Asker: 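Sharing a structure with you now.
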Amino acid sequence: MSASYNSIMVTVLHENGDLEEVKSQSLVPGDVIVIGGTKLFLPCDAILLSGGCTVNEAMLTGESIPVTKATLPNINNCIPWITHSGDDYKKHILFCGTEVIQTKGSGQDLVKAVVLQTGFNTAKGDLMRSILYNKPVDVKLHRDAIRFLTGLVGISIIGVIYTAIVFTKNEASVHDIVLMSFLMLTTTVNPAIPASLTLALLYAQTRLKKLGIFCISPQRINVAGQLNLMCFDKTGTLTEDILDVYGILPCDNSRFQDVNLFNSFHTLTWSHILKAMTTCHSLIMLDGKLQGDPLDLKMFEVTGWELEDYEATVNEDGHMLSCTMVKPGPRAKRASQMCVFM
């Protein structure tokens with residue numbers, strides 16, 4: 001997993017405009033790479049400078065939904081990625097290990113990106129470090145237990161020294177001095193403490209098992225007794241990705257109006273709501289099928305409109321034009337028979 005995609009050929013754009021194919025190991029932050037239209041696994045974190053990309057970030061997030069990346073805006077010739085963190089510009093960053101499934105140039109410009117991080121400094125590298133070198137859980141209970149045992153050991157050492165001094169003054173034999181010293185040591189630090197803790201964990205695990213709760217790490221049971229809040233993130237595992245539109249809740253003068261319910265025969269007329277539902281989304285056409293966020297996909301399907309991608313063409317001025325068009329489908333009302341270019 002850590003070695004894959006790290007030895008591929010990438011196209012680097014030099015300052016004089018020449019293109020050169022180099023190995024991905026040679027990339028350094030600041031290099032400008034050209035992203036082609038074919039499928040490519042990114043070997044580094046990069047910021048998109050021109051054009052648009054659709055990537056699959058399932059390797060990092062676990063969600064196979066295509067994500068659209070936009071060009072980083074250049075305002076007043078400033079360099080915003082120097083003063084801002086990557087979290088603020090996630091929609092402009094192409095992460096290492098993700099798959100570029102579609103690119104779209106702006107006019108005749110190439111789809112370019114500047115290398116931001118390489119190696120273990122990337123988002124994928126950070127994930128690999130957390131897997132290979134997992135940080136131990138620092139639990140307050142464990143720290144307190146170590147402090148308690150350290151205190152007991154200190155008291156036992158003092159007791160052993162005191163016992164040895166007292167028995168020596170009373171001219172006791174060496175056998176008695178050693179015997180009483182060990183007796184004082186075992187009295188202070190009870191050797192049954194580890195066994196008692198283990199038995200307590202086994203008893204707690206048995207009680208949980210009777211309730212249908214299984215624990216693969218018994219040491220966590222002690223920590224569970226100190227929890228105040230539990231968060232679960234199993235939406236994509238325990239539920240389905242199927243959504244359905246119940247209705248539209250319009251707003252007028254900062255007040256919600258009545259809900260317009262949907263049924264299988266309901267269609268929308270041309271309005272601001274329909275404009276938003278047909279254009280305010282990040283859907284793409286990939287291999288003849290609509291791809292994107294399930295919420296955006298269902299919102300667009302309920303309108304009855306269709307999305308089409310037009311191939312890039314060169315106009316009379318020599319500029320390359322490419323666009324995405326949405327138009328009414330067979331289920332849309334006649335009153336809304338018009339096209340919108342995106």
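Atom set for the values below is all heavy atoms of this structure, side chains included, hydrogens, waters and symmetry mates excluded. Computed from a prediction, not measured in an experiment: that's the story for all the values here.
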Asker: Can you name the nearest heavy-atom pair linking Leu283 to Leu307, along with the distance?
Answerer: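 So the two residues come closest at O-CD1, 4.3 Å.
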Asker: Okay, side chain of Asp45, backbone of Ala123: is any donor-acceptor separation there less than 3.5 Å?
Answerer: yes
Asker: Any link between Leu149 and Ile157 through a network of hydrophobic side chains (Ile, Leu, Val, Met, Phe, Trp, Tyr) touching at under 4.5 Å?
Answerer: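 Yes, Leu149 and Ile157 fall within the same hydrophobic cluster.
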Asker: Atom NE2 of residue position His14 - does it have more than 12 heavy atoms of other residues, nucleotides or ligands inside 6.0 Å?
Answerer: yes
Asker: State, yes or no, whether a side-chain contact exists between Val245 and Met299 at a heavy-atom distance under 4.5 Å.
Answerer: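 They are not in side-chain contact.
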Asker: Would Leu42 and Val100 count as a side chain to side chain contact (heavy atoms under 4.5 Å, CB included) here? Give the steps.
Answerer: CA-CA 7 Å; Leu42 291 167; Val100 179; 3.9 Å; yes
Asker: Any side-chain heavy atom of Asn121 within less than 4.5 Å of one from Leu116?
Answerer: no
Asker: Kindly compute the distance separating CG (Leu49) from CD1 (Ile33), expressed to the nearest 0.5 Å.
Answerer: 9.5 Å
Asker: What's the spacing between Lys91 NZ and Leu48 CG if we round to 0.5 Å?
Answerer: 12.5 Å
Asker: Just by modelled atom types, is the Gly51 backbone N or O under 3.5 Å from a matching donor or acceptor in the Thr71 side chain?
Answerer: yes
Asker: Please report the interatomic distance CD1(Ile221) to CD(Gln205), rounded to the nearest 0.5 Å.
Answerer: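 Here the interatomic distance stands at 5.0 Å.
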Asker: At their closest point, which heavy atom of Phe214 faces which heavy atom of Lys209, and how far apart are they?
Answerer: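 Where Phe214 meets Lys209 most closely, the heavy atoms are CE2-CG, 3.8 Å.
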Asker: Within a reach of under 6.0 Å around CG of Asn16, are more than 12 heavy atoms found that belong to other residues, nucleotides or ligands?
Answerer: yes
Asker: Please tell me whether Met184 and Ile177 are part of a single hydrophobic cluster in this structure, the criterion being side-chain heavy atoms less than 4.5 Å apart.
Answerer: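 They do not share one cluster, since no chain of ILVMFWY contacts under 4.5 Å joins Met184 to Ile177.
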Asker: Identify the two heavy atoms, one from Phe300 and one from Trp305, that lie closest to each other, and give their separation to 0.1 Å.
Answerer: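 So the minimum-distance heavy-atom pair works out to CE2-O, 3.5 Å.
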Asker: Can you name the nearest heavy-atom pair linking Leu60 to Cys96, along with the distance?
Answerer: CD1-O, 4.1 Å
Asker: Sub-3.5 Å donor-acceptor pair from the side chain of Ser50 to the main-chain atoms of Lys112, do we have one?
Answerer: yes
Asker: In this structure, are over 12 heavy atoms from other groups packed under 6.0 Å from Asp258 atom CG?
Answerer: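 Check fails, neighbour count at 12 or below.
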Asker: Are Leu201 and Leu208 connected in the hydrophobic side-chain network, where two residues link if heavy atoms are under 4.5 Å apart?
Answerer: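 Result: yes, single cluster for both.
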Asker: Over all heavy atoms of both residues, which pair between Met277 and His281 is shortest? Give the atoms and the distance, please.
Answerer: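 Result for this residue pair: O-CD2, 3.8 Å.
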Asker: Calculate, to the nearest 0.5 Å, the distance between atoms CD and SG belonging to Gln257 and Cys251 respectively.
Answerer: 7.0 Å
Asker: Could you tell me whether the side chain of Leu19 reaches within less than 4.5 Å of the side chain of Leu13, counting heavy atoms only?
Answerer: yes
Asker: So Phe95 and Ile93, do their side chains get closer than 4.5 Å, heavy atoms only?
Answerer: yes
Asker: Val174 and Leu183: same hydrophobic cluster, using ILVMFWY side-chain contacts below 4.5 Å?
Answerer: no
Asker: Could you walk me through whether Val28 and Val115 pass the side chain to side chain contact (heavy atoms under 4.5 Å, CB included) test, one step at a time?
Answerer: CA-CA 7 Å; Val28 295; Val115 178; over 6 Å; no
Asker: Can Ile161 be reached from Val153 by stepping across I, L, V, M, F, W or Y side chains whose heavy atoms are under 4.5 Å apart?
Answerer: yes
Asker: In Å, rounded to the nearest 0.5 Å, how long is the span from CD of Glu57 to CG of Leu94?
Answerer: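 Rounded to the nearest 0.5 Å, the CD-CG separation comes out at 8.5 Å.
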Asker: Which heavy atom in Ile35 sits nearest to a heavy atom in Cys53, and how many Å separate them?
Answerer: CD1-SG, 4.3 Å
